[in-house]
Engineer: 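Pasting in a structure now, in structure tokens, and then I'll have a few things to ask.
As the structure is a computational prediction, the values presented were derived from the model and not from experiment. Just so you know, residue 1 is the first one in the sequence shown, and it goes up from there.
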Amino acid sequence: MNSLQVVSLALLLAAAASAQVLKFGKCPQPAVQANFDAARYLGKWYEIEKLPTTFQKGQCSTAVYTLKSPGVVGVLNSEVLDDGTVNSIEGTAAVKDPAEPAKLEVSFFENSPPGPYWVLSTDYKSHALVYGCTDFILFRMEFTWIMSRGPTLPEETVQELRSILSSVGVDINKLVPTNQDKAYCTRVEVPLIKK
């Protein structure tokens with residue numbers, strides 16, 4: 001095996017062990033939300049389903065988006081861990097190309113590269129479908145979130161959003177639901193963005 005194959009295999013094994021979703025091949029280029037309006041997207045969103053990630057380990061996951069400056073959105077992601085504590089992280093999302101405002105790049109750490117955050121579909125008032133994908137040498141790492149303005153989303157809407165994901169090659173069988181049960185999630189107070 002050459003060094004490229006060894007590195008690729010090692011990364012695949014590490015990702016598989018951590019439940020990250022990796023696939024061979026390049027990232028698809030799905031259509032994104034037409035005429036995306038970031039101002040209408042601001043506010044609180046509840047995670048309904050997602051592809052497993054190494055950086056999300058809890059339930060009751062929410063994202064709160066605020067306008068920081070023109071073209072820059074503040075991000076506060078929160079989740080409740082099994083022990084009842086809140087895990088949260090703040091970052092920013094910015095549009096890379098004004099001609100494609102639904103393709104944002106999100107950063108949580110100053111010296112790390114931003115990650116893609118593409119809004120594939122939203123009606124701003126009830127649902128949003130977000131996709132991200134990063135290319136590596138021989139494979140890609142995918143992320144996706146189905147989100148709602150409330151802790152639940154009608155099953156027919158979930159199925160419509162899953163259909164969009166399936167059409168771009170996402171393995172929807174790997175999606176996992178997020179517990180948004182009120183009794184479970186209100187064991188602790190999830191913080192809001194500090195002003």
Engineer: Residues two or more places apart in sequence or in another chain: which of them pass side chain to side chain contact (heavy atoms under 4.5 Å, CB included) with Asp97?
Structural biologist: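 Once residues adjacent in sequence are excluded, the partners of Asp97 under the side chain to side chain contact (heavy atoms under 4.5 Å, CB included) criterion are Ala99, Glu100.
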Engineer: Any side-chain heavy-atom pair from Leu104 and Phe36 closer than 4.5 angstrom?
Structural biologist: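 Counting from C-beta outward, Leu104 and Phe36 do come under 4.5 Å.
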Engineer: Restricting to pairs with a member in residues 83-156, which pass disulfide (SG to SG under 2.5 Å), not counting sequence neighbours?
Structural biologist: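 As it turns out, the disulfide (SG to SG under 2.5 Å) pairs with a partner in residues 83-156, which skip direct neighbours, are Cys27-Cys133.
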Engineer: Sequence neighbours left out, what passes side chain to side chain contact (heavy atoms under 4.5 Å, CB included) with Ala63? Give chain and number order.
Structural biologist: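 By the side chain to side chain contact (heavy atoms under 4.5 Å, CB included) rule, Ala63 matches Tyr65, Asn77.
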Engineer: Tell me, which pairs form a salt bridge (charged side-chain N to carboxylate O under 4.0 Å, His left out) where one or both residues lie in residues 117-140, sequence neighbours left out?
Structural biologist: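 As it turns out, the salt bridge (charged side-chain N to carboxylate O under 4.0 Å, His left out) pairs with a partner in residues 117-140, which skip direct neighbours, are Asp123-Lys125, Arg140-Glu142.
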Engineer: So which pairs with a foot in residues 57-75 pass salt bridge (charged side-chain N to carboxylate O under 4.0 Å, His left out), sequence neighbours left out?
Structural biologist: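 As it turns out, there is no salt bridge (charged side-chain N to carboxylate O under 4.0 Å, His left out) pair with a partner in residues 57-75 once direct neighbours are skipped.
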Engineer: Could you list all the side chain to side chain donor-acceptor pair (under 3.5 Å) pairs where at least one residue sits in residues 32-41, not counting sequence neighbours?
Structural biologist: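 Applying side chain to side chain donor-acceptor pair (under 3.5 Å) to every pair that reaches into residues 32-41, excluding sequence neighbours, yields Tyr41-Tyr117.
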Engineer: Kindly write out the residues that satisfy side-chain hydrogen bond (donor to acceptor under 3.5 Å, both in side chains) with Asn87, not counting sequence neighbours, or none if the list is empty.
Structural biologist: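 side-chain hydrogen bond (donor to acceptor under 3.5 Å, both in side chains) list for Asn87, sorted by chain: Glu79.
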Engineer: For Gln159, check side chain to side chain contact (heavy atoms under 4.5 Å, CB included) against everything at least two apart and list the hits.
Structural biologist: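 Testing Gln159 for side chain to side chain contact (heavy atoms under 4.5 Å, CB included), a comparison that skips the adjacent residues, returns Glu155, Arg162.
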Engineer: Among pairs that include at least one residue of residues 75-110, which meet disulfide (SG to SG under 2.5 Å), considering only residues two or more places apart or in two chains?
Structural biologist: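 Sorted result for residues 75-110: empty, none.
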Engineer: Excluding sequence neighbours, so at least two apart, what forms side-chain hydrogen bond (donor to acceptor under 3.5 Å, both in side chains) with Glu160?
Structural biologist: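 None.
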Engineer: Only counting residues at least two apart or in another chain, list the ones meeting side chain to side chain contact (heavy atoms under 4.5 Å, CB included) with Lys96.
Structural biologist: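 Once residues adjacent in sequence are excluded, the partners of Lys96 under the side chain to side chain contact (heavy atoms under 4.5 Å, CB included) criterion are Glu105.
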Engineer: List in chain and number order the residues that pass side-chain hydrogen bond (donor to acceptor under 3.5 Å, both in side chains) with Thr122, two or more places apart in sequence or in another chain; answer none if no residue qualifies.
Structural biologist: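 Expected list: none.
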